[in-house]
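Everything on this sheet refers to the single structure shown next.
On a predicted model such as this, the values are computed, not experimentally measured, just so you know. Numbered from 1 within each chain, the chains take letters A, B, ... in sequence-line order.
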Amino acid sequence: MQENPPLPTAHWCALGQMPSGDFMMAAIAAGGEPQEPVVVPANDLAAFVAGLEASSAPRWVWHHTPAIYATLLASGVRVERCHDLTLCHQILRSSEFVRDRSAFQLLDWAAPEPPQGPTAATAGPARFDLDTQPATSRNPFEITDVLREFERQRNAVNTSARPGRLALLLAAESAGALIASELAAAGLPWDSREHDRILTESLGPRPATYAEKPAKLAAAGDRVRAALGDPNASLDSPPKLLTALRRAGIHASSTSQWELAEYDHPAIAPLLEYKKLSRLLTANGWAWLDEWVTDDRYRPVYLPGGVVTGRWASSGGGALQLPRSLRPALRADPGWKLVSADVSQLEPRALAAMSGDRAMASAGRGKDLYEGIVRSSAIESRDEAKIAMLGAMYGATSGESGRLLPHLRRAFPAAMGFVDRAAETGERGGAVSTWLGRSTPPVEPDWQEAQSLASQPGATQRDEQNARRAARDRGRFTRNFVVQGTAAEWALAWLAEIRRNLAAFPEVQSDRAAAASGPVFGRRPHLAFFLHDEIIVHSPAEHADAVAQVVLDAADTAAELLFRGGDVDFRLDLSISDRATKS
DNA sequence: GCCTAAAGCGCG
DNA sequence: ACCGCGCTTTAGGC
């Protein structure tokens, strides 16, 4: 029962939780003060949110998206927008754009532990229940705390050096949080039989137990031991393998594949084969399939904002490291398609845009950026252009990259100057920021310590070396941070725009997809995969062409949102197919 | 026995 | 001597 129903003009709706597990909601009109909070019993939350979503689609303000949204999605409730206080706090506490960061330094606004395990965030009935969570003596996310933190964050943005950019960043970050929960709910359509077929083809038939080695792996191991003349050689432990190799006359300093490939010995080829198969089995073998794929849906755990640069991380399931050899297992449901897209050279293009380098923008216009560099600089091949460009963004100083960099500096002085300045700032211990205002964390005390030690009168040569190395390490980090971080912001804006448009598609009848992907996503196109600069949308076949257009248009919209009036093209490679067979 | 670090390799 | 990650296995300290 609500005595004080929120006005339909509510722009924000703040949600806090009471120690009992029930919720309190305070509506905030545009430019207004929060209204008196109303109590929402935990059991009524989904219906309550759905009602408000239908009437005014407010921006939901809550402490931590997965803690609330997984439950809403499982009840069939999707929300349009949110403000994730935990993620936004993380950004604001170190953003150089914020004038008074002290308000964020002292607070304890730690996110709860992320959900672990393959079943934690599924759309199925098995899920954690909000009202059975143990009540703590002081719930840090009660409505008063939520409102106070939200006000602090709004104030920080409004008084910042770049309110528009920061507001966009916080909105994009929060949209990312919604998308991560939605990816978990919908799942990635995964063909378990195809995965098993790939494993069987490479490794041999599935053994009866996990402990048993598959036949082809065992055979490769036998060939290695025979070639070494050492029937007991241990192949799985690097130190033991190293001694076994040395006994056979292979004096390698490590067992990494790149070094081993240098040696001419009959044991090398089967050993490299063994390592490859072993990796496939342990990382993405049958055990992985059993643990992470249920009902032909793969549900990894994504962590938005999990990387300092703003990229997503993952925790469980290895979503960001899926080997390309398993991509064919990624398959649309019958009657559905996969719309796959990746951005060509996202990071160099982000650099061109943020540095305002007209020559580089022009090199990337309407074509492959690296080819464009060949056409507009003294660099002669696409491969060389790529190596030079990556070297510029990573801070290479020697080798082929180092040799090619002067050419790049002459052709693109604005872009190169931009990353060089970011590196210099980092080497001095300073902070750098992405285009929208995510900044590097302050230097570690150890780093500062090393620098002061080296500048004191009694400093040894070793002290100075250590300090210089640490400074250069940090310079490479800050150099890359501005590029990787801005690329991540572009990708978030792209994702958010895709998501927004997909929600408007009409529903289709699809029992299988609805059963596997849940009530919200089983009947219309939905994001199914995200990996830094690529997305996959799972779409009813009849909508696939329209979805493709949405994905393409979203790239233009993202570019316009971030770099208003900029002249950098963000080109996509896009395909519509049953399988993700990208090579 | 538990925990952390490092090696090695997968992804962008 | 080129950035950012996660995962599995093994080694080694306690």
Side-chain angles (χ1 to χ4, degrees), chain A residues 114 116 210-211 234-243 252-261 271-272 274-285 287-288 291-292 300-327 342-348 350-351 386-405 419 422-423 426 432 434 438 440-441 465 468-470 472-488 490-491 529-535 580 582:
Chain A
Q116 294 293 322
Y210 293 141
S234 164
L235 308 182
D236 295 322
S237 157
K240 287 178 186 168
L241 174 57
L242 208 52
T243 47
S253 62
S254 85
T255 62
S256 64
Q257 52 184 320
W258 301 281
E259 184 176 350
L260 292 179
L271 178 54
L272 294 179
Y274 178 88
K275 280 170 156 287
K276 215 175 97 175
L277 295 180
S278 176
R279 166 79 195 188
L280 176 63
L281 175 69
T282 56
N284 296 100
W288 181 93
E291 183 176 5
W292 292 103
V301 179
Y302 290 102
L303 300 178
V307 178
V308 277
T309 57
R311 275 188 174 181
W312 288 14
S314 68
S315 163
L320 310 183
Q321 305 138 259
L322 275 185
R324 303 204 79 96
S325 61
L326 286 182
R327 287 292 178 98
D342 66 77
V343 195
S344 315
Q345 306 100 28
L346 174 57
E347 293 191 354
L351 172 58
K386 181 174 179 176
I387 285 167
M389 198 62 236
L390 292 175
M393 294 185 302
Y394 292 163
T397 53
S398 65
E400 200 178 357
S401 272
R403 180 174 64 74
L404 293 165
L405 275 180
V419 284
V432 299
T434 59
R438 194 188 306 263
T440 48
Q465 274 174 10
R468 262 201 303 275
R469 185 174 37 73
R472 278 194 301 262
D473 285 351
R474 195 174 138 77
R476 285 194 305 277
F477 166 62
T478 52
R479 168 191 295 272
N480 186 250
F481 180 94
V482 294
V483 179
Q484 187 183 120
T486 300
W490 186 94
F529 188 62
F530 171 50
L531 179 54
H532 306 317
D533 63 355
E534 60 178 284
I535 57 100
K582 282 163 37 74

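For the atom pair A:Arg479 CZ and A:Leu351 CG, the distance stands at 10.0 Å (nearest 0.5 Å).
At a threshold of 4.0 angstrom between heavy atoms, the contacts of A:Val483 with the nucleic acid are absent. At the heavy-atom level, A:Gly391 lies under 4.0 Å from base atoms of the strands shown. Within the 4.0 angstrom heavy-atom criterion, only backbone atoms of the sugar-phosphate kind lie near A:Gly317; the bases stay farther away. Across all strands, A:Arg476 comes closer than 4.0 Å only to sugar-phosphate atoms, never to a base (heavy-atom distances).
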Taking only N/O atoms, report every protein-nucleotides 5-8 of chain B pair under 3.5 Å with atom names and distance.
from  : atom 1 : to       : atom 2 : distance (Å)
B:dG8 : OP1    : A:Thr255 : N      : 3.1
B:dG8 : OP1    : A:Thr255 : OG1    : 2.7
B:dG8 : N2     : A:Arg279 : NH1    : 3.4

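In terms of heavy atoms, A:Ala319 sits closest to A:Tyr302 at CB-CE2, 3.8 Å. When all heavy atoms of A:Val307 and A:Ala313 are compared, the pair lying nearest together is CG2-CB, 4.0 Å. A:Arg474 and A:Pro441 make their closest contact through NH1-O, 4.1 Å (heavy atoms, listed as atom of the first residue, atom of the second, distance). Here the shortest heavy-atom pairing between A:Arg438 and A:Val308 reads CD-O, 3.5 Å.
Protein chain A contacts DNA chain C over a range whose 5' and 3' limits, counting nucleotides with an atom under 4.0 angstrom from a non-hydrogen atom, are C:dA1 to C:dA11.
At least one donor-acceptor pair closer than 3.5 Å links the side chain of A:Glu259 to the backbone N or O of A:Ser253. Distance alone, capped at 3.5 Å, places no donor-acceptor pair between the A:Ser315 side chain and the A:Val301 backbone. Checking side-chain atoms of A:Arg311 against main-chain N and O of A:Ala488 turns up no donor-acceptor pair under 3.5 Å.
Taking atom NE2 of residue A:His532 and atom C1' of nucleotide B:dG10, one finds them 11 Å apart after rounding to whole Å. At whole-Å resolution of the value, CD in A:Glu259 and P in B:dC9 are 11 Å apart.
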